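To keep things clear, I will list the structure first and then write my remarks on it.
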Amino acid sequence: MGSILNEADRAAIRQRIESVTSASIPRWGRMDAKGMLTHLRLSALMALGELPVACKSKRAFQMFPIKHLILHVVPFPKGAPTAPELLTPSAASLDATRSDLVSLVERMGAGPPEGDGPVHPLFGRLSFGEWGVATYKHADHHLRQFGA
């Protein structure tokens, strides 16, 4: 499994983010390209602990082996629900949103590789290593959604 904390994985995600344009069409789902980049931007802010997101209190998802399976083994399902805080529309242009997302991805990559990170709304407290994997997997899921 890739990780935003790994330079090569981060570079690959960054390149794929850069390839998304307003003409990019989703293969599934209801988001347009700008909405998807905004969603990933808000998710990155959450991963950095800068955007509070309400917990869903789904204890089963916080326990091994479920948490491990979702983070490291099974692909994210298409159409899975997300926190409303991560779907807030943005007035910024697609280019500005993309640039901000790339900066946030780089900030995450420069962060600590060990220790506890912020609380995830579904998985509870994640280590920085788990956040690196979750962020990579989430970005990969949505970039595949747009063929990037």
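Since the structure is predicted, the reported quantities are computational estimates derived from the model, not experimental observations.
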For this session: State, to 0.1 Å, how close Val53 and Ala83 come at their nearest heavy-atom pair, and which atoms those are.
Result: CG1-CB, 3.4 Å
Seminar exercise, completed: Taking every heavy atom of Ala54 against every heavy atom of Pro121, the minimum-distance pair comes out as O-CB, 3.3 Å
Problem set entry | Of all pairs that satisfy ring pair (Phe, Tyr, Trp, His ring centres under 6.0 Å), the ones with a partner from residues 80-108, not counting sequence neighbours | none
Exercise. Do you know which two heavy atoms are closest between Pro75 and Lys137, and how far apart they sit?
Worked result: CA-CE, 4.1 Å
Exercise. Do you know which two heavy atoms are closest between Val20 and Ala33, and how far apart they sit?
Worked result: CG1-CB, 3.8 Å
Give the table of side-chain donor-acceptor pairs shorter than 3.5 Å for residues 141-148, with sequence neighbours excluded, one pair per line with atom names and distance.
unit_1 : atom_1 : unit_2 : atom_2 : d
His142 : ND1    : Gln145 : OE1    : 2.7
His142 : NE2    : His39  : NE2    : 3.4
His142 : NE2    : His138 : NE2    : 3.2
Arg144 : NE     : Asp140 : OD2    : 3.1
Gln145 : NE2    : Trp28  : O      : 2.8

For this session: Can you see which heavy atom on Trp131 is nearest to which on Ala47, and at what distance?
Result: CE3-CB, 3.3 Å
For this session: Look up atom OG in Ser19 and atom CZ in Arg14, then write down how far apart they are to the nearest 0.5 Å.
Result: 13.0 Å
Exercise. At what distance, to the nearest 0.5 angstrom, does CG of Leu122 lie from OG1 of Thr82?
Worked result: 9.5 Å
Exercise. Got a sec, which residues hit side-chain contact (heavy atoms from CB on, under 4.5 Å) with Glu50, two or more places apart in sequence or on another chain?
Worked result: Leu45, Leu48, Arg107
Exercise. Does Gln15 use its side chain to pair, donor to acceptor, with the backbone of Ala12 at less than 3.5 Å?
Worked result: no
For this session: Sort and list the pairs that fulfil side chain to side chain donor-acceptor pair (under 3.5 Å) and have at least one residue in residues 83-102, not counting sequence neighbours.
Result: Arg41-Asp100, Asp95-Arg98
Exercise. Within a strict 4.5 Å, meaning less than it, do heavy atoms of the Glu130 and Phe123 side chains meet?
Worked result: no
Problem set entry | Spatial distance of atom CG (Leu104) from atom CE (Met46) [nearest 0.5 Å] | 12.5 Å
Exercise. According to the salt bridge (charged side-chain N to carboxylate O under 4.0 Å, His left out) rule, which pairs have a member within residues 17-39, sequence neighbours left out?
Worked result: none
For this session: For the pair Thr135 (side chain) and Gly132 (backbone), establish whether a donor and an acceptor sit closer than 3.5 Å, ignoring hydrogens and angles.
Result: no
Problem set entry | Leu86 side chain near Leu40 side chain, heavy-atom distance below 4.5 Å | no
Problem set entry | Rounded distance [0.5 Å steps], OH in Tyr136 versus CG in Asn6 | 9.0 Å
For this session: Is it possible for you to say whether Phe76 and Leu42 belong to one hydrophobic cluster, with membership spreading through side-chain heavy-atom contacts below 4.5 Å?
Result: yes
Problem set entry | Distance in Å, Leu94 CG paired with Ser24 OG, rounded so as to fall on 0.5 Å steps | 8.0 Å
Exercise. Are any side-chain N or O atoms of Arg10 and backbone N or O atoms of Ser3, one a donor and one an acceptor, separated by less than 3.5 Å?
Worked result: no
For this session: Treat each ILVMFWY residue as a node, draw an edge where side-chain heavy atoms are under 4.5 Å apart, and state whether Val133 and Leu5 are in one component.
Result: no
Problem set entry | ILVMFWY cluster, Phe128 and Met108 together (side-chain gap under 4.5 Å) | no
